[in-house]
Amino acid sequence: MSTQIPAGYKWWTGGKSPYNVSYGKLMMWIFLMSDTFTFGGLIIAYGSIRLGHNYWPDANYVFDKFPFMGDANLPLAFVSLMTFILIMSSVTMVLAVHEGHKRNKKGVEKWLLWTILGGFLFLGCQAWEWTHLITHTHPVLIDGQIREIGATIRHNHFGPAVPGLMHDGHQVHLPGPVSFGNFFFGITGFHGFHVFTGVILNIIIYIRTLAGSFDRLGHYEMVEKVGLYWHFVDLVWVFVFLCFYLI
Amino acid sequence: MEHVNQAVAITPEISFPHEPAPNTKKIWKAFWALLILTIAELALGLSHYAFHVQGWVLMFLKGLMIILSLSKAVYIVSIFMHLGDETRNLRMAILVPLISFAWFIFAFLWDGNAYRNMRNRYDVPAPTQQVAPAVVPEPGSLK
């Protein structure tokens, strides 16, 4: 801890690491920084395109369904559950890191299992959300004809309502901006890919913990490194949640 | 090995590995903070749905949600990722490049806004309330 460093300590005189972390951890930080710029670029592009449109779908109307609840209007309820699952899995991961510092093999195993479970739960939620958006169709007025479409990267039904036009008891809308689907599926898909990778990494270190590799090595730093990646995935979700669901 | 209570084997280059925290109090405190911040964000997000706020009030709510998200990020990075326990050199190496985001965000959002203004000034306005069938021009016609 930094409290142990004497004041005026010369970090850059050679013979020691100025960052005072192992090579692997430093490289993980550098990788995460580059990944931050990738996600940042994607989200800023989304913001720029969104500001270029006069109309943009309201997240409260887009994300208002919950599994097994039928057509009940529950805006943002499901994504809140997803956010909670991801925060919870982040807590279990940091508890695994904590047990790793104490070299408690059983503790690391227990918390890693919970983290893996949280990761799978989140991925399952995302699969449901995507399936719902793609397959749940609504009447849309396209070139003077009413068509039933879902939300994909090619089209969506989140455009402004056509006043007074109903179809099978549903309000007819105009097609929403195509870039909404592009950015939503692109960015949440890229994030979901990161979660999937994180779950795979967690499974690998779980198996290595079971096999006793870290006990033989004398430290659980690998848990820390994978933990950094996992928290980063949670961190990205904070901003995906902000940009797609809240704002 | 059991007498060395440390996360990483000491090398001459790395002088002080993390010592294990005495308990998990800090972690759970961060968890509650994250949970409360998320619920506050959610309340703000739902409020502009429930009350149909517009104009500067909406801007204010969005700004507030951005600030809450940034404070969530601070908790995750400093406590969960233990960046707060690292040396100042590492903290600065990670955080200083991120300052460039301030300019990226400003420049690209400005650009998007300018694009919308140009589109509204020079393009035919997009139909928002069109109910009549669209007239598809014959191929080759001037209309």
Side-chain angles (χ1 to χ4, degrees), chain A residues 1-2 4-5 11 15-22 26 29 33 36 40 44-45 47-55 58-60 75-76 80 83-84 87 90-91 94-95 98 100-102 141 143-144 160 162-163 165 174 218-221 224 228 231-232 234-235 238-239 242 245-247, chain B residues 1 4-9 12-16 18-21 24 27 31 34-35 38 41-42 44-46 49 62 65-66 69 72-73 76-77 79-81 85-90 93-94 97-98 101 104-105 108-109 111-113 115-116 119-120 126-129 131-134 136:
Chain A
M1 307 247 167
S2 35
Q4 295 167 329
I5 319 167
W11 284 110
K16 53 191 164 289
S17 161
Y19 300 115
N20 223 347
V21 285
S22 69
L26 184 63
W29 272 111
M33 203 167 63
T36 308
I44 291 168
S48 175
I49 296 293
R50 180 176 164 166
L51 269 187
H53 282 76
N54 285 312
Y55 173 85
D58 183 350
N60 284 301
L76 302 187
S80 312
T83 307
F84 178 72
I87 290 179
S90 222
V91 172
V94 77
L95 289 171
H98 178 79
H101 282 160
K102 297 198 293 185
L141 189 69
D143 288 341
V162 184
L165 192 58
L174 287 173
H219 60 80
Y220 279 76
E221 208 204 26
E224 251 179 87
L228 282 178
H231 296 311
F232 173 75
D234 186 27
L235 184 66
V238 168
F239 291 100
L242 173 74
Y245 301 100
L246 292 176
I247 284 189
Chain B
M1 278 297 231
V4 202
N5 201 14
Q6 66 195 25
V8 191
E13 288 84 20
I14 302 165
S15 53
F16 57 94
H18 288 304
E19 282 186 3
T24 55
I27 295 171
F31 163 72
L34 287 173
L35 195 65
T38 307
E41 275 186 337
L42 207 60
L44 291 174
L46 287 172
Y49 167 72
K62 287 181 176 185
M65 286 190 280
I66 291 171
S69 285
K72 274 166 80 176
I76 292 174
V77 174
I79 293 172
F80 285 0
M81 296 170 93
D85 301 333
E86 302 289 358
T87 59
R88 192 185 144 80
N89 287 333
L90 182 57
I94 300 301
L98 298 185
F101 267 122
F104 292 164
I105 292 168
F108 279 90
L109 294 191
D111 204 37
N113 198 42
Y115 190 71
R116 178 179 54 192
R119 185 183 261 171
N120 289 343
T128 50
Q129 301 203 343
V131 184
V136 182

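Side chains are part of it too, since the values below use all heavy atoms of this structure and drop only hydrogens, waters and symmetry mates. Each chain gets a letter, A, B and so on, in the order its sequence line appears, and its residues count up from 1.
Within the 4.5 angstrom heavy-atom criterion, atoms from both the backbone and the side chain of B:I66 approach chain A. For a residue to count as touching a neighbouring chain, one of its non-hydrogen atoms must lie under 4.5 Å from one of that chain's; by this rule A:T36 touches chain B with backbone and side chain alike. With a 4.5 Å cut-off on non-hydrogen atoms, B:I27 touches chain A through its side chain but not through its backbone. The parts of B:I105 that come within reach of chain A are both its backbone and its side chain, each placing non-hydrogen atoms under 4.5 angstrom from that chain.
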Check your understanding: Can A:W11 and B:R88 be said to form a side chain to side chain contact (heavy atoms under 4.5 Å, CB included), step by step?
Key -> CA-CA 10 Å; A:W11 284 110; B:R88 192 185 144 80; over 6 Å; no
Check your understanding: What do the steps show when you test B:E86 against A:N20 for side chain to side chain contact (heavy atoms under 4.5 Å, CB included), and what is the final call?
Key -> CA-CA 8 Å; B:E86 302 289 358; A:N20 223 347; over 6 Å; no
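Residues A:S90 and B:F80 share a closest heavy-atom pair of OG-CD2, 3.8 Å. The two residues A:M33 and B:I94 make their nearest non-hydrogen contact at SD-O, 3.5 Å. Scanning all heavy atoms of the two residues, the minimum distance from A:S48 to B:L109 falls at N-CD2, 3.8 Å.
The greatest number of non-hydrogen atom pairs below 4.5 Å with chain B, out of A:T83, A:V94, A:D58, A:L26, is found for A:V94. Chosen from B:L46, B:L35, B:V77, B:L34, the residue pairing most often with chain A at heavy-atom distances under 4.5 Å is B:L46.
Listed by chain and residue number, nothing satisfies the ring pair (Phe, Tyr, Trp, His ring centres under 6.0 Å) test with B:F108 (two or more places apart in sequence, or in another chain). With sequence neighbours left out, the side chain to side chain contact (heavy atoms under 4.5 Å, CB included) criterion links A:I49 to A:H53, A:S179, A:F183.
Atoms CD1 and NE2, on B:I76 and A:H231 in that order, are 9.0 Å from each other to the nearest 0.5 Å. Note that CD1 of A:I87 and NZ of B:K72 are 5.0 Å apart. Values are rounded to the nearest 0.5 Å. Rounding to the nearest 0.5 angstrom, the gap separating the CG atom in A:L76 from the CG atom in B:L42 is 6.0 Å. Taking OH from A:Y245 and CE from B:M65, the interatomic distance works out to 14.5 Å, rounded to the nearest 0.5 Å. Atoms CZ and CG, on B:F31 and A:L95 in that order, are 10.5 Å from each other to the nearest 0.5 Å. If you take CE on B:M81 and CG on A:L235, they are separated by 6.5 Å, rounding to the nearest 0.5 Å.
Considering only heavy atoms from C-beta on, A:S80 stays 4.5 Å or farther from B:T38 through its side chain.
Here the side chain of B:N89 pairs a donor or acceptor atom with the backbone of A:P18 at under 3.5 angstrom. The backbone N or O of A:Y19 lies less than 3.5 Å from a partner atom in the side chain of B:T87, making a donor-acceptor pair.
Within 6.0 Å of atom OH in B:Y115, 12 or fewer heavy atoms from other residues, nucleotides or ligands are found, so the atom counts as exposed in its surroundings.
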